[in-house]
Amino acid sequence: MNKDNPPLSTNFIQNIINEDLKNGKNDGRVHTRFPPEPNGYLHIGHAKAICLNFGLAIANKGLCNLRFDDTNPSKEDIEYVESIQADVKWLGFDWEDRLFYASDYFDKLYEFTLGLIKSGNAYVCDLSAQEIREYRGTLTEPGKDSPYRNRSIEENLDLFQRMREGEFPDGSRVLRAKIDMASPNLNMRDPVLYRILRSTHHRTGDNWCIYPMYDYAHPISDALESITHSICTLEFADHRPLYDWVLDKVDYSGDAKGRPQQIEFARLNLSHTVMSKRKLRELVMEGYVDGWDDPRMPTISGLRRRGYTPESIRDFCDRIGVAKRDSVVDIALLEHCIREQLNQHAPRVMAVLRPLRVIIDNYPEDQVEWLEAENNPENPSMGSRQIPFSREIFIEQEDFMENPPKKFFRLSPGGEIRLKSAYIIKCEEVVKDENGAIIELHCSYDPDSRSGGATSGRKIKGTSHWVSAQHAIKAKVRLYDHLFTSEDPDDCEEEGADYKSQLNPDSLRVLDDCRVEPSLAAAEPGSRFQFLRQGYFCADAIDSQEGHLVFNRIVSLRDTWAKIQKENRSNQ
RNA sequence: AGCCGGAUGGUGUAGUGGUAGCACGACUGACUCUGGAUCAGUUCGCCAGGGUUCGAAUCCUUGUCCGGCUGCCA
């Protein structure tokens with residue numbers, strides 16, 4: 001292996017594909033699909049599946065389809081099919097002309113089903129849902145045959161056609177596969193193939209009152225699209241024998257090429273958040289967050305609003321790998337991915353989150369200097385900008401301490417600090433109100449210390465960001481933190497407590513009185529910046545506008561001082 | 001209990017009979033007009049027992065632990 005061509009990241013699915021390619025399986029085609037059910041918003045776990053399926057196709061010069069698994073109209077909605085398409089596109093993947101719906105195949109499916117009945121592999125069952133459950137047996141005991149199992153082919157055909165015609169009420173009958181009621185795999189105990197369900201479908205309207213089940217529709221949809229590798233999550237492994245049974249019994253060879261193979265991988269779990277659709281929905285519906293796109297949500301739309309880039313999410317999906325074992329990925333890895341990208345691309349800018357007024361007494365009263373500041377030291381091609389300096393400025397409250405502990409390299413009485421891209425100042429006087437709270441600082445500046453000047457070389461340990469008081473623009477800043485305090489919100493000690501008891505009360509802090517440098521006045525909604533020494537921030541795509549700036553913190557910068565403080569506190 | 005999966009540093013993931021690697025995190029140090037970034041380094045691992053073999057994370061075997069499965073959801 002040579003250093004200039006590192007091996008492509010590999011995983012067990014790619015290994016299977018390599019083997020298939022070597023053996024000439026499916027004529028050397030690789031064709032995958034991403035098959036969401038349009039019943040909710042996509043989250044970072046779906047991003048893993050999307051990157052996997054589209055990524056495998058790209059890596060192997062194959063194709064990947066987008067297919068909506070829309071076989072249950074009672075739960076699905078056009079709102080979701082639209083958001084899902086937007087999210088997949090935003091992530092950077094292209095299904096070209098291959099946008100499909102399982103509902104596209106309802107006619108074909110019906111036709112196949114007639115054949116299945118004729119070959120004696122399916123029957124209409126009149127048992128109620130409750131009875132079917134009872135007849136199914138348990139994990140340890142075999143089930144027993146339905147009394148309707150041995151109906152004649154003619155009767156089954158007649159009944160099934162009448163189900164389709166709407167002669168029977170919802171739930172009164174189902175079509176079942178005739179497999180084996182004693183199978184140790186419950187999925188093989190004559191699973192339901194079709195149910196009667198009067199519900200308007202978002203695509204087929206009221207054309208149908210019977211709808212196929214996932215286990216039946218999915219293998220056939222895969223086959224009809226000539227999918228070669230049908231990738232799904234672990235919990236479907238028990239369904240694979242049924243998937244193969246359907247493919248064995250249905251003759252789709254006239255409509256497609258090859259034969260799909262189901263392969264299961266472990267879904268993504270992320271620390272400090274939840275991933276199930278049910279729980280995410282609950283957080284939205286019960287008002288714990290402000291919607292599906294709340295920047296604290298692990299949804300694609302939430303991450304997008306927070307300020308994550310598609311590149312950083314794809315990078316994350318590459319790094320987490322693909323395997324069959326359950327795992328929990330540390331959310332720090334996701335944060336690393338966005339930091340790494342934004343470090344290269346985000347312009348630096350100065351913003352004071354909690355302002356403290358500083359008056360520089362020896363600086364001329366009406367003078368304004370425009371100083372040059374580099375936009376990104378990591379990327380000189382991003383150039384520089386001019387920022388105003390004047391007699392009154394704001395610095396961060398945190399950057400001043402009256403009685404500083406050791407290792408506090410910032411401003412304190414009599415101490416000096418470098419103002420980034422400007423001058424060194426010295427604290428001469430602390431002004432307090434009647435309650436002893438610090439109102440403002442009086443400082444002096446060293447005129448020889450101007451950044452970039454010939455005499456600016458004096459070394460000062462600390463450097464702070466600042467804004468000119470008369471030029472600064474007010475802004476609102478939303479500081480986001482992990483949605484849950486515990487790594488695994490589902491793992492709660494107390495009896496009766498659930499994941500919601502682990503919600504982080506400080507997952508959102510709003511700062512209304514921040515001051516940002518004037519270059520941000522017309523910050524484009526959605527644009528990203530590094531607020532020097534603070535973190536990466538994104539002008540909110542919805543709430544931010546000129547005259548009313550709102551920034552979301554995407555992720556903080558690594559903060560060594562915060563760590564030292566934390567240690568000091570725990571040592572006391 | 002029956003069936004199906006799975007166990008490699010703190011976390012995730014490679015390695016498929018020949019020196020256990022990579023990434024994130026943590027920790028040290030260097031550097032720094034961002035306590036950022038960068039650079040250098042350190043720490044830490046094959047679930048357990050038995051077997052095959054010159055040699056086992058890898059093959060066999062026994063056991064332990066963990067996950068999934070009893071919707072007319074997907």
Side-chain angles (χ1 to χ4, degrees), chain A residues 6-7 9-11 15 35-37 39 69 71-72 74-76 125 127-129 132-134 136-143 170-176 183-189 191-197 211 213-215 217-218 232-241 264 266 271 277 318-330 332-337 339-340 343-344 348 350 374 376-378 407-410 418-422 424 449 451-452 456-465 487 530-535 556-564:
Chain A
S9 71
T10 191
N11 59 63
N15 292 345
E37 184 189 14
N39 71 343
D69 222 327
T71 56
N72 186 358
S74 67
K75 292 188 174 177
E76 295 153 10
C125 182
L127 255 26
S128 69
I132 287 183
R133 205 171 304 131
E134 286 161 10
R136 187 154 35 224
T138 68
L139 292 177
T140 48
E141 302 154 26
D170 286 11
S172 60
R173 284 178 229 260
V174 292
L175 183 79
R176 291 228 252 169
S183 171
N185 182 343
L186 295 266
N187 296 114
M188 299 298 272
R189 319 243 259 229
V192 171
L193 265 24
Y194 267 97
R195 75 283 214 182
I196 302 172
L197 180 62
Y211 291 95
M213 301 290 288
Y214 165 87
D215 280 318
H218 206 86
C232 62
T233 44
L234 250 30
E235 69 270 24
F236 292 101
D238 289 332
H239 297 239
R240 193 174 56 233
E264 310 87 18
S271 69
K277 278 187 190 174
D318 276 346
R319 291 177 189 240
I320 58 178
V322 180
K324 295 192 73 163
R325 102 180 79 154
D326 296 305
S327 58
V328 182
V329 174
D330 193 333
L333 181 59
L334 215 211
E335 295 171 346
H336 167 81
C337 292
R339 277 196 193 102
E340 186 173 80
N343 182 42
Q344 289 303 316
R348 272 58 172 171
M350 292 205 272
E374 56 190 345
N376 188 340
E378 302 296 318
K407 291 188 182 173
F408 182 83
F409 306 140
R410 304 181 186 180
R418 154 76 62 187
L419 296 176
K420 176 73 180 173
S421 302
I424 293 170
S449 64
S451 291
S456 71
R458 195 150 67 87
K459 295 290 179 198
I460 292 290
K461 187 69 181 172
T463 300
S464 282
H465 56 282
E487 281 182 29
Q530 184 196 96
F531 287 2
L532 223 64
R533 305 206 303 136
Q534 302 278 2
S556 66
L557 247 27
R558 277 187 57 214
D559 188 346
T560 310
W561 172 242
K563 204 173 286 179
I564 293 170

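We name chains A, B, ... by the order of the sequence lines, and we start the count at 1 in each one. No experiment lies behind these values; they were computed from the predicted model shown.
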- Mind checking A/Tyr194 for me? I need base, sugar-phosphate or nothing, with any heavy atom below 4.0 Å counting as a touch. nothing

Distance check: side-chain N/O of [X] vs OP1/OP2 of [N], anything under 4.0 Å?
{"X": "A/Arg176", "N": "B/C72", "result": "no"}
{"X": "A/Arg533", "N": "B/U32", "result": "no"}
{"X": "A/Arg195", "N": "B/A74", "result": "yes"}
{"X": "A/Lys459", "N": "B/C33", "result": "yes"}
{"X": "A/Arg418", "N": "B/U32", "result": "no"}
{"X": "A/Lys563", "N": "B/C27", "result": "yes"}
{"X": "A/Arg133", "N": "B/G71", "result": "yes"}
{"X": "A/His336", "N": "B/C24", "result": "yes"}
{"X": "A/Arg319", "N": "B/U11", "result": "no"}
{"X": "A/Asn376", "N": "B/G36", "result": "no"}
{"X": "A/Thr463", "N": "B/U32", "result": "no"}
{"X": "A/Arg348", "N": "B/G36", "result": "no"}

Nucleotide nearest [X] (side chain, heavy atoms from C-beta), chosen from [options]:
{"X": "A/Leu186", "options": "B/C33, B/U70, B/C4", "value": "B/U70"}
{"X": "A/Thr71", "options": "B/A74, B/U13, B/C72", "value": "B/A74"}
{"X": "A/Ala237", "options": "B/C4, B/A1, B/C72", "value": "B/C4"}

Can you check the distance between [N] and [M], where both ends of the measurement are the [atom1] atom (answer in whole Å)?
{"N": "B/C65", "M": "B/A1", "atom1": "P", "value": "10 Å"}
{"N": "B/A57", "M": "B/U52", "atom1": "P", "value": "16 Å"}
{"N": "B/G45", "M": "B/G9", "atom1": "P", "value": "9 Å"}
{"N": "B/U62", "M": "B/U42", "atom1": "C1'", "value": "40 Å"}
{"N": "B/C24", "M": "B/A37", "atom1": "P", "value": "12 Å"}
{"N": "B/G5", "M": "B/C59", "atom1": "P", "value": "15 Å"}
{"N": "B/U53", "M": "B/C4", "atom1": "P", "value": "31 Å"}
{"N": "B/C44", "M": "B/A20", "atom1": "C1'", "value": "13 Å"}

- Query: When the nearest nucleotide of RNA chain B is assigned to A/Ile460 and to A/Ser128 on a heavy-atom basis, which residue is associated with the more 5' position?
  - Reply: A/Ile460

- Message: On RNA chain B, does the nearest nucleotide to A/Leu419 precede the nearest nucleotide to A/Glu235 from the 5' side, or the other way round? Give the residue.
- Response: A/Leu419

- So, do A/Ile196 and A/Ser172 sit near enough that their side-chain heavy atoms are less than 4.5 Å apart? yes

- Message: I'd like to check A/Leu193 versus A/Met213 (side-chain heavy atoms, cut-off strictly below 4.5 Å). Are they in contact?
- Response: no

- Query: With Watson-Crick and G-U wobble geometry limited to distances under 3.5 Å, how should the secondary structure of RNA chain B be encoded in dot-bracket form, using | for bases paired to another strand and [ ] for crossing pairs?
  - Reply: .((((((..((((....[..)))).(((((.......)))))....(((((..]....))))))))))).....

- Item | Under 5.5 Å and under 30°: A/Tyr214 stacked on B/A74 | no

- Item | Atom pair CZ (A/Arg533) and OG1 (A/Thr463), whose distance is rounded to the nearest 0.5 Å | 7.5 Å

- Query: Side chain of A/Arg410, base of B/G35: donor and acceptor closer than 3.5 Å?
  - Reply: yes

